[in-house]
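Have a look at the structure below before the remarks.
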Number of protein chains: 2
Amino acid sequence: MESLLLIFKALSDRNRLRILHALVAQKELCACQITELIQVTNATASRHMGVLINANLVQRRKKGRWVYYQLHTENQGVENVFTWIEKKLKEDPEALLDLISLEEITRCGPEEICKKHKTLKFCSKQ
Amino acid sequence: MESLLLIFKALSDRNRLRILHALVAQKELCACQITELIQVTNATASRHMGVLINANLVQRRKKGRWVYYQLHTENQGVENVFTWIEKKLKEDPEALLDLISLEEITRCGPEEICKKHKTLKFCSKQ
DNA sequence: TGTTTATTTAGCCAAGTGTCTAAGTATTAT
DNA sequence: ATAATACTTAGACACTTGGCTAAATAAACA
């Protein structure tokens with residue numbers, strides 16, 4: 001009962017659902033990329049990631065200063081939740097916009113977006 | 001995105017998860033039975049049912065003074081959520097206790113439980 | 001018709017939650 | 001060693017949510 005509640009609570013926030021969806025699409029993301037995607041402070045993004053980890057939906061690995069997050073696919077039975085979310089958001093406008101942003105964030109971004117540029121530079125060091 | 005959030009929010013409360021699980025087990029329950037199961041006031045139970053209905057997880061039908069609730073199984077893609085919850089709670093102590101309570105509530109209960117007795121009498125009128 | 005019963009809705013309050021700023025921790029660069 | 005960088009944690013605040021009581025609504029009964 002507790003683990004189910006943790007999962008549902010974790011996913012009942014819009015930004016966390018967006019993060020989860022992004023991880024379905026992109027397998028692994030760095031903290032700064034997530035921060036950029038959902039447009040909150042790094043502190044808020046970090047808090048959110050803690051909730052997803054605590055719910056056993058996401059895993060974390062550290063490489064130097066950088067922290068990378070992936071879906072916790074070894075968590076039994078949770079994979080169909082990920083599939084279900086992917087399916088449900090397949091044609092959702094907001095979710096599609098996120099995927100477009102994600103492309104930019106994880107690829108060479110425009111130089112005028114100083115923060116994004118920095119983000120790309122650091123994260124491609126993996 | 002909105003419908004997913006509504007679903008996750010609806011299921012992120014313990015009592016609502018218990019109600020949902022009970023409906024998985026028992027197909028249809030009356031408001032008074034739900035009230036008895038989760039041990040809150042009728043007003044609170046009614047509030048919870050409103051949330052589940054609003055999330056399109058549950059449907060309501062009225063018969064005279066009595067209101068019956070069932071899972072909204074025609075809601076596309078939500079059936080595997082029900083199945084997943086059932087699976088996850090298969091051996092959960094708290095959920096099993098609920099199923100035992102549910103047996104009592106939906107069957108002839110002990111006479112000393114005056115409220116339960118009344119409940120059974122009314123609900124068997126369907 | 002008035003009374004009783006079952007349920008829903010409204011209003012209030014305490015607890016929970018998302019976001020921010022600031023401080024703290026760990027890693028890298030100078 | 002100090003400074004810079006990336007991220008986490010702490011504390012505060014505004015907003016949301018679960019539970020209660022009371023009022024309102026609908027249906028059945030006398």
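Here the structure is a predicted model, which means the values were calculated and not measured. So that the names make sense, note that chain A is the first sequence line, chain B the second, and so on, each numbered from 1.
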Taking atom [atom2] of [N] as reference, at what distance in whole Å does atom [atom1] of [X] sit?
X     : N      : atom1 : atom2 : value
B:I34 : C:dT8  : CD1   : P     : 9 Å
A:R60 : D:dT9  : CZ    : P     : 6 Å
B:R61 : D:dA27 : CZ    : P     : 15 Å
B:M49 : C:dT8  : CE    : P     : 9 Å
B:Y68 : C:dT7  : OH    : C1'   : 13 Å
A:K62 : D:dT8  : NZ    : C1'   : 8 Å
B:L5  : C:dG18 : CG    : P     : 11 Å
B:K63 : D:dA26 : NZ    : C1'   : 16 Å

inquiry  = Show every ring-ring contact (aromatic ring centres under 6.0 Å, His included) that has at least one partner inside residues 40-62 of chain A, sequence neighbours left out.
reply    =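 Not a single pair qualifies under ring-ring contact (aromatic ring centres under 6.0 Å, His included).
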task = Establish, for the pair B:R61 and B:Y68, whether the NZ or CZ atom is under 6.0 angstrom from the six-membered ring centre and no further than 45 degrees off its axis.
result =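 The answer is yes; both the distance and angle limits are met.
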task = Calculate, to the nearest 0.5 Å, the distance between atoms OG and CD belonging to A:S101 and A:Q39 respectively.
result =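 The distance works out to 8.0 Å.
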Is there any protein nitrogen or oxygen under 3.5 Å from a nitrogen or oxygen in nucleotides 14-19 of chain D, and what are the pairs?
unit_1	atom_1	unit_2	atom_2	d
D:dG18	OP1	B:R16	NH2	2.8
D:dG18	OP2	B:R16	NH1	3.3
D:dG19	OP1	B:N15	ND2	2.8
D:dG19	OP2	B:H48	NE2	2.3
D:dG19	O6	B:R47	NH1	3.3

message = For the backbone of B:K9 and the side chain of B:S12, can you confirm whether one donor and one acceptor N or O come within less than 3.5 Å of each other?
response =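 Yes: the side chain of B:S12 pairs with the backbone of B:K9.
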inquiry  = Strictly distance-based, threshold 3.5 Å: is any side-chain N or O of A:E103 a donor or acceptor partner for the main-chain N or O of A:I100?
reply    =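 No: the side chain of A:E103 does not pair with the backbone of A:I100.
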key: Pairs meeting criterion salt bridge (charged side-chain N to carboxylate O under 4.0 Å, His left out) with involvement of residues 76-87 of chain A, two or more places apart   =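 Those involving residues 76-87 of chain A do not exist here.
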key: Pairs involving residues 90-99 of chain A, ordered by first then second residue, that meet side chain to side chain donor-acceptor pair (under 3.5 Å) (sequence neighbours left out)   =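 Only A:R14-A:E94, A:R18-A:D98 qualify under side chain to side chain donor-acceptor pair (under 3.5 Å).
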List, with names and distances, any nitrogen or oxygen atoms from the protein found under 3.5 Å away from nitrogen or oxygen atoms belonging to nucleotides 2-4 of chain C.
none

Aromatic ring pairing B:W84/A:F8, orientation class (parallel under 30°, perpendicular over 60°, tilted between) =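 Judged by the thresholds at 30° and 60°, the geometry between B:W84 and A:F8 is perpendicular.
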task = Quick one: list whatever passes side chain to side chain contact (heavy atoms under 4.5 Å, CB included) with B:A10, sequence neighbours left out.
result =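 Partners of B:A10 under the side chain to side chain contact (heavy atoms under 4.5 Å, CB included) test: B:R16, B:V51, B:L52, B:A55, B:L57.
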ask   = Would you say a side-chain N or O of A:Y69 is under 4.0 Å from OP1 or OP2 of D:dC7?
value =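 Answer no for this pair, as no side-chain N or O of A:Y69 is under 4.0 Å from OP1 or OP2.
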